[in-house]
**Student:** 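Structure below; questions to follow.
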Amino acid sequence: MHLRNDAPSLFLLTTFARRMRKAPTKSEALMWGQLKGRKLDGVRFRRQAVLGGCIVDFLAPCERLVVEVDGAVHRTPLARAHDARRQAWLEQAYGVRFVRVDAELVERDVRAAVARVRQALR
């Protein structure tokens, strides 16, 4: 994989991802509790996974599925545009699919949030 010169190094991304794993948001922690240990239909997920110069919230490598838990910071027009560009690039470059789950849904009804992920796995 070739990263642009201004892209963060794999070492920096991995270091940042490790920090993020140690301090997840409430919604990420709830979702991880449902995904870890192949709890969801036997599918293996990784959290805060480095993919193509980006860090994604959850990745099911064998299923080529990225799960993003989007909180309030992702609701601004600028953030939405950035997320859309990043998602389109990762979809094309790595052949992954995305499912975006609102953080409020995860915190309010984790079962419904997991159902969205399960649907995306089909």
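Predicted, not measured: the structure shown is a model, and the values here were computed from it.
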**Student:** Show the numbers, then the answer: is there a side-chain contact (heavy atoms from CB on, under 4.5 Å) between Val117 and Gln34?
**Tutor:** CA-CA 10 Å; Val117 176; Gln34 301 299 307; over 6 Å; no
**Student:** Is Val96 linked to Leu40 within one hydrophobic cluster, defined over Ile, Leu, Val, Met, Phe, Trp and Tyr using a side-chain heavy-atom separation of less than 4.5 Å?
**Tutor:**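 No: no chain of side-chain contacts under 4.5 Å links Val96 to Leu40.
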**Student:** Quick one: CD on Gln92 to CG on Leu90, what's the gap to the nearest 0.5 Å?
**Tutor:**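 Nearest 0.5 Å value for the CD-CG distance: 10.5 Å.
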**Student:** Tell me whether Val99 is reachable from Trp32 by hopping between hydrophobic residues (I, L, V, M, F, W, Y) whose side-chain heavy atoms are closer than 4.5 Å.
**Tutor:**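 As far as the 4.5 Å side-chain criterion goes, Val99 and Trp32 are connected within one cluster.
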**Student:** Report yes if some heavy atom in the side chain of Arg100 is under 4.5 Å from a heavy atom in the side chain of Gln87; otherwise report no.
**Tutor:**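 Yes, close enough: below the 4.5 Å cut-off.
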**Student:** Distance-only criterion, 3.5 Å: show the donor-acceptor pairs between side-chain atoms of residues 51-64 and protein atoms not counting sequence neighbours.
**Tutor:**
{"unit_1": "Asp57", "atom_1": "OD2", "unit_2": "Val69", "atom_2": "N", "d": "2.8"}
{"unit_1": "Arg64", "atom_1": "NH1", "unit_2": "Tyr94", "atom_2": "O", "d": "2.4"}

**Student:** Passes side-chain contact (heavy atoms from CB on, under 4.5 Å), Glu107 versus Leu30? Steps please.
**Tutor:** CA-CA 7 Å; Glu107 292 178 27; Leu30 286 168; 4.0 Å; yes
**Student:** To the nearest 0.5 Å, what is the distance between OG1 (Thr76) and NE2 (His82)?
**Tutor:**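 The distance works out to 10.5 Å.
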**Student:** Any side-chain heavy-atom pair from Asp102 and Arg75 closer than 4.5 angstrom?
**Tutor:**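 Yes, their side chains come closer than 4.5 Å.
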**Student:** Using the salt bridge (Lys or Arg N to Asp or Glu O under 4.0 Å) rule, collect all pairs that involve residues 31-48, keeping only residues at least two apart or in two chains.
**Tutor:**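 Sorted pair list: Asp41-Arg118.
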**Student:** With clusters defined by side-chain heavy atoms of hydrophobic residues (ILVMFWY) lying less than 4.5 Å apart, directly or transitively, does Phe45 cluster with Met20?
**Tutor:**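 No, Met20 and Phe45 fall in different hydrophobic clusters.
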**Student:** Same cluster or not: are Val50 and Leu35 linked, directly or through other Ile, Leu, Val, Met, Phe, Trp or Tyr residues, by side-chain heavy atoms under 4.5 angstrom apart?
**Tutor:**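 They do not share one cluster, since no chain of ILVMFWY contacts under 4.5 Å joins Val50 to Leu35.
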**Student:** Can you give me the closest heavy-atom contact between Gly71 and Ala103, atom names plus distance?
**Tutor:**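 Result for this residue pair: CA-CB, 3.7 Å.
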**Student:** Identify the two heavy atoms, one from Gln48 and one from Arg21, that lie closest to each other, and give their separation to 0.1 Å.
**Tutor:**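 For Gln48 versus Arg21, the nearest heavy atoms are O-NH2, 3.1 Å.
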**Student:** When clusters are formed by joining ILVMFWY residues with side-chain heavy atoms under 4.5 Å apart, either directly or through shared neighbours, do Phe98 and Val67 land in the same one?
**Tutor:**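 Different hydrophobic clusters.
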